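What follows is one structure encoded as C-alpha cells, with my remarks underneath.
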Amino acid sequence: MKPAKFDYHAPTTLEAAAALLHDYKGEAWLLAGGQSLLPMMNFRLVTPAALIDLNRIPNVNYIRSDNGILHIGAMTRHRALEFSSIIAERLPVLTEAIRLVAHLPIRSRGTIGGSLALADPAAELPMLLQALEGEIVAHGPNGTRLVKAADLFEGIMTTNLAADEIISEVRLPTFSPDVGFAVEEYARRHGDFAVAAVTAVIERTGARCKKARLATAGVGPISIRLTAAEAVLEGSHLEDEAIAEAAAKAIDQVSPQTDLHATADYRRHLTGILTARALRRARLMH
Ligand SMILES: Cc1cc2nc3c(=O)[nH]c(=O)nc-3n(C[C@H](O)[C@H](O)[C@H](O)COP(=O)(O)OP(=O)(O)OC[C@H]3O[C@@H](n4cnc5c(N)ncnc54)[C@H](O)[C@@H]3O)c2cc1C
C-alpha cells in the first residue's frame, strides 16, 4: 500500500525544523532514516499531515569524544556507529550492541536519533542509553534541554519529547579501562528485534564490583534498569552465587507481555538466563 498524501519539507537548520513542527501542532512527523516511519506510513498505521526531513541539516551527523563523554549527532547512521574507531576504542559496548540492530540496509539508513525517538521496547539503543545512564539533547522552539535516559522513555513507543522537540545529540559516558561489559540477546533470527536482551556494564576496584549497571530490552513496555540486581552485585566479588542472586532479582523486576513471539513467562525466564550470561562474560574482562 502507498502512504496517504502528505506535505514535505526539507529544512536546513534545526531551528527551522522545530518551527515547522510547532506550526503543524503535532500533525507533522520528523523523517530521519525512514526505516520505521515509512513502513508505518505505507501500512497507514500513521498518516502525518507533513514530513519534516532532517537529512538536509548539516552538523547533526558526527561522533566526538570530549572529556569522557561521547557526543553523537542524532542523524548518525547505525552503520557509522558500527565502524567508528572512536566508539570501538572508548565505548565498545556500543559496537557490540549496534551489530545486533536489524540488517545491513536498515543499519545503513537508520539513525541513533530515530531509534531513540521511536522508543521501541525491543530495540537495543534505548537499552544502551539506560545501561550507560546517557542523555539526549532535545531541541525545541525555545532552545535546548537535556533529558536523562531514566526520564526519556514513558511507555511503548512513547517518549517525554514534546511534539515540537527534536533529538539533536546523544551523550554517552566513555569507559575507563576497568569496565567489563556484555550485551546478551535472544532473537528468532539475526537482525530481528530482541525477544529479550540484557546489557551488563560493571566497574571493579580490585576483585570487588564497584558499580553495576544492567538494562533490558524486549521484556516490558520500556527498557528498564535492573536496579535490584545491580544492588546485589555492588560490593560483591561477582562470584557465581552473586550472579545467580542477581539473575533471580532480574526475573522479579521485569513485567513482560505475551505476544506472537513469546509468552511473558518465557521472557521472564530469558531475562534470568541473559542476565547471568552477560555478567559472566563481563566479569571475564578483567
Ligand atoms: C525489518 C526491520 C528490522 C529492524 N530490526 C531492528 C532491531 O533489531 N533493533 C533495533 O533497534 N531496531 C530495528 N529496526 C529499526 C531500525 O533500527 C530503525 O532505523 C530505527 O528504529 C528508526 O530509525 P530511523 O532513523 O530510520 O527513524 P525514522 O523511521 O525516520 O523515524 C522513527 C521515528 O522517530 C522520529 N524521529 C526520527 N528522528 C528524530 C529525531 N532526531 N528527533 C525526534 N524524533 C525523531 C520520527 O518522526 C519517527 O516517529 C528494524 C527496522 C526494520 C524495518
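The structure presented is a predicted model; accordingly, all values stated were derived computationally and were not measured.
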Residues pairing under side-chain hydrogen bond (donor to acceptor under 3.5 Å, both in side chains) where one sits in residues 266-280, two or more places apart or in two chains, turn out to be Asp259-Arg267, Asp265-Arg268
Quiz item: Is there a path of hydrophobic side-chain contacts, each under 4.5 Å between heavy atoms of I, L, V, M, F, W or Y residues, that connects Phe181 with Val101?
Solution: yes
Review point. Are Asp120 and Met157 side-chain neighbours, meaning at least one heavy-atom pair lies under 4.5 Å?
Key: yes
Practice task
Indicate yes or no: does Asp240 engage Arg283 in a salt bridge with an N to O separation below 4.0 Å.
Solution key: yes
- Message: Hydrophobic clustering (ILVMFWY, side-chain heavy atoms < 4.5 Å, transitive) - are Val232 and Leu238 grouped together?
- Response: no
To the nearest 0.5 Å, atom CZ of Phe175 lies from atom CD1 of Ile87 at 11.5 Å
dist Leu100:CG -> Phe193:CZ (nearest 0.5 Å) comes out at 12.5 Å
For Ile166 and Ala17, the nearest pair of non-hydrogen atoms, with its separation, is CD1-CB, 3.5 Å
Notebook entry, point to check: Under 4.5 Å between any side-chain heavy atoms of Arg171 and Val137, yes or no?
Noted result: yes
So CG of Leu128 and CG of Leu81: to nearest 0.5 Å the spacing works out to 9.5 Å
### Message
Any non-hydrogen side-chain atom of Phe6 less than 4.5 Å from a side-chain atom of Glu27?
### Response
no
Item to check | Any Ile52 side-chain heavy atom under 4.5 Å of Leu31 side chain | outcome: no
- Item | Ala212 backbone acceptor or donor facing Glu234 side chain under 3.5 Å | yes
Margin query: Would you say that Trp29 contacts Leu37 through its side chain, given a criterion of any heavy-atom pair below 4.5 Å between the two side chains?
Written below: yes
(Q) Counting C-beta onward and ignoring hydrogens, is there a side-chain heavy-atom pair between Val219 and Leu270 closer than 4.5 Å? (A) no
Within-4.5 Å side-chain heavy-atom neighbours: His71 and Ile69: yes
Close side-chain approach of Met41 and Pro48, heavy atoms under 4.5 Å = yes
Requested in this report: Kindly say whether His237 contributes a backbone atom to a donor-acceptor pair with the side chain of Glu239 at under 3.5 angstrom?
Outcome: yes
* So, are Lys148 and Asp151 salt-bridged, with charged N and O less than 4.0 Å apart? -> no
Scanning both residues in full, the closest heavy-atom pair of Ser223 with Ala215 reads OG-CB, 4.3 Å
*Could you walk me through whether Phe83 and His78 pass ring pair (Phe, Tyr, Trp, His ring centres under 6.0 Å), step by step?*
CA-CA 9 Å; Phe83 288 104; His78 300 332; over 10 Å; no
Under the criterion side-chain contact (heavy atoms from CB on, under 4.5 Å), I'd like the reasoning laid out for Arg225 against Leu214: C-alpha separation, chi angles, the key distance, then a yes or no. CA-CA 6 Å; Arg225 287 253 313 280; Leu214 290 162; over 6 Å; no
- Task: Mind running side-chain contact (heavy atoms from CB on, under 4.5 Å) on Ile273 and Tyr186 for me, showing each step along the way?
- Result: CA-CA 10 Å; Ile273 301 281; Tyr186 175 74; over 6 Å; no
**Item:** Enclosure of Arg44 CZ (heavy-atom neighbours >12, cutoff 6.0 Å)
**Value:** yes
So does Gly73 get a backbone contact from the side chain of Thr76, meaning a donor-acceptor N/O pair under 3.5 Å?
yes
Inset, instruction - For the pair Arg188 (side chain) and His261 (backbone), establish whether a donor and an acceptor sit closer than 3.5 Å, ignoring hydrogens and angles. - result: yes
Should the heavy atoms of other residues, nucleotides or ligands under 6.0 Å from CD of Glu154 be counted, would the total exceed 12?
yes
In short, Gly220 meets Pro121 closest at the heavy-atom pair O-CB, 3.3 Å
- Query: With distance as the sole test, does Thr216 use its side chain to make a donor-acceptor pair with the main-chain N or O of Ile224 at under 3.5 Å?
  - Reply: yes
TODO: Could you tell me whether the side chain of Asp7 and the main chain of Leu51 form a donor-acceptor pair under 3.5 Å?
DONE: no
Count the heavy atoms of every other residue, nucleotide or ligand shown that sit under 6.0 Å from OH of Tyr8, and state whether that count exceeds 12.
-> yes
What's the verdict on side-chain contact (heavy atoms from CB on, under 4.5 Å) for Asn55 and Arg109, showing C-alpha distance, side-chain angles and the deciding distance?
CA-CA 11 Å; Asn55 287 275; Arg109 293 296 303 165; 3.7 Å; yes
Item to check | Residues Lys211, Glu230: salt bridge by 4.0 Å N-O rule | outcome: no
Hey, any chance Tyr62 and Ile167 share a hydrophobic cluster, counting ILVMFWY side chains that come within less than 4.5 Å of each other, even indirectly?
no
Do Val179 and Ile202 land in one hydrophobic cluster if side-chain heavy atoms of ILVMFWY residues count as linked below 4.5 Å?
yes
Residues at least two apart in sequence or cross-chain that pass side chain to side chain contact (heavy atoms under 4.5 Å, CB included) with Ala149, listed by chain then number, are Leu129, Gln130
- request: Could you go through the side-chain contact (heavy atoms from CB on, under 4.5 Å) check for Val147 and Leu152 one step at a time?
  value: CA-CA 6 Å; Val147 185; Leu152 182 62; 4.1 Å; yes
When every non-hydrogen atom of Val60 is compared with those of Ser168, the smallest separation belongs to CG1-O, 4.3 Å
OG1 of Thr158 to CD1 of Ile222, rounded to nearest 0.5 Å, is 10.0 Å
Exercise for the section: Let me see the working for Ser65 and Arg90 under side-chain hydrogen bond (donor to acceptor under 3.5 Å, both in side chains), right down to the final yes or no. Expected result: CA-CA 8 Å; Ser65 178; Arg90 308 207 177 161; 2.9 Å; yes
Closest non-hydrogen contact found for Val183 with Arg281 is O-NH2, 3.1 Å
NE2 of His22: more than 12 outside heavy atoms within 6.0 angstrom? no
**Message:** If we ignore hydrogens and angles and just use 3.5 Å, is the side chain of Glu185 paired with the main-chain N or O of Leu274 as donor and acceptor?
**Reply:** no
Is it the case that the side chains of Thr111 and Arg77 hold a donor-acceptor pair, with the cut-off being a distance below 3.5 Å and no angle test?
no
Separation between CG (Leu94) and CD1 (Ile72), nearest 0.5 Å, reads 5.5 Å
*Ser108 (side chain) donor-acceptor with Leu104 (main chain) under 3.5 angstrom*: yes
Test: Glu165 and Arg145 ion pair at under 4.0 Å: yes
Rounded to the nearest 0.5 Å, the OG1 atom of Thr174 sits from the CG atom of Leu70 at a distance of 7.0 Å
Between Ala119 and Thr159 the two heavy atoms that sit nearest each other are CB-CG2, 3.8 Å
query: Do the side chains of Leu30 and Leu161 join up, straight or via other hydrophobic residues, at under 4.5 Å, putting them in one cluster?
result: no
